[in-house]
Amino acid sequence: SRSPVWTCSSPRRTRASARSASCVPSRVSSRSAWATAALLPALRPSRSTRVVEARLRNATGAERARLLEQLAGLYEGSGGRPELALRAWGELLAMDPESPMVAERVFAHATGPLGPEVGDVLRRAIEAGKDQGQLPVALAVPTATLYLRTLGQPDVALGLLEAAIAAEP
C-alpha cells in the first residue's frame, strides 16, 4: 500500500505537515482544494460569535434578547450560517412574538431551503404567545399564508386562521 501524496501550502512537504489544514490529498483537483481552503474559515465560528455564544449561556431576560439578536446578526453576516441565524431569531421571536422586526428576519428565510424550519419556528412562537396569554394574531395570519402558499400545507394554514379568528372575532 502506498502512502497518500499530499499537496501542502507550507514549504516543507512532510507527512507531519500534511496533518495541518493547509494540506489536501493530491488526488483532489487544485480547483477543489482551493474551494475547500476558501470555505474553511467560513465554517469556523468567529471569535466574536464564540464570545456572544458564551455570554448567552448565562443570560436571561432583556440581556438574553439583546445577545440573541446580536448572535443572529453575526450568523447572517459573517459566516453565512442561515440555519443558526434562524435558530437564534426563532428563540427571540418566542420571547417576543409581537416583534415585527424579529418576525421579518424569520420570514426572510422562508423562501430558501429553510422554509419548513421557518414554519416550525413561527408555530413555536405562536404557541409561546398563547402560553403568555394572547395569540399573536399579527404573526398567525402571515404564518398561515406561508403555510398555504409556500409550504403547501392548507390544513395547518386553516388551523392558524381559525385560532386567529377565535382570538379576535
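Predicted, not measured: the structure shown is a model, and the values here were computed from it. Computed from heavy atoms alone, side chains included, the values below leave out hydrogens, waters and symmetry copies.
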* E83: partners by side-chain hydrogen bond (donor to acceptor under 3.5 Å, both in side chains), with sequence neighbours left out -> none

* Structure fact -> Residues passing the side-chain hydrogen bond (donor to acceptor under 3.5 Å, both in side chains) test with S48, sequence neighbours excluded, are S46

* Quick one: pull up CG in L71 and CH2 in W89 and give me the separation to the nearest 0.5 Å. => 9.5 Å

* From CG (L74) to CZ (R81), nearest 0.5 Å -> 12.0 Å

Side-chain donor-acceptor distances from residues 130-139 under 3.5 Å, at least two apart:
| residue | atom | partner | partner atom | Å |
| --- | --- | --- | --- | --- |
| K130 | NZ | E127 | OE2 | 3.1 |
| Q132 | NE2 | A94 | O | 3.2 |

* Asked: Looking only at heavy atoms, which two atoms of A59 and L67 are closest? And how far apart?
  -> CB-CD1, 3.7 Å

* Apply side-chain hydrogen bond (donor to acceptor under 3.5 Å, both in side chains) to R105 and list each qualifying residue two or more places apart in sequence or on a separate chain. => E76

* Looking at CG of L92 and CE of M101, how far apart are the two atoms once the value is rounded to the nearest 0.5 Å? -> 6.5 Å

* Asked: Should L148 and L122 be counted in the same cluster of Ile, Leu, Val, Met, Phe, Trp and Tyr side chains packed under 4.5 Å apart?
  -> no

* Do we get R87 above Y75's six-membered ring, with its NZ or CZ under 6.0 Å from the centre and within 45° of the axis? -> no

* Asked: Any link between L56 and V102 through a network of hydrophobic side chains (Ile, Leu, Val, Met, Phe, Trp, Tyr) touching at under 4.5 Å?
  -> yes

N/O donor-acceptor pairs under 3.5 Å from side chains in residues 153-169, not counting sequence neighbours:
none

* Rounded distance (nearest 0.5 Å) linking atom CZ of R123 with atom OG1 of T143 -> 10.0 Å

* Asked: Would you say the side chain of I126 lies within less than 4.5 Å of the side chain of P97, judging by non-hydrogen atoms?
  -> no

* **Distance (rounded to the nearest 0.5 Å) between E69 CD and D96 CG** => 10.5 Å

* Any side-chain heavy-atom pair of L68 and M95 under 4.5 Å -> yes

* Compare all side-chain heavy atoms of T150 with those of T111 and state whether any distance is below 4.5 angstrom. => no

* Go through the structure and list residues passing salt bridge (Lys or Arg N to Asp or Glu O under 4.0 Å) with R64, not counting sequence neighbours. => E91

* Asked: V121 and H109: side-chain contact (heavy atoms from CB on, under 4.5 Å), yes or no, with the steps?
  -> CA-CA 11 Å; V121 164; H109 294 278; over 6 Å; no

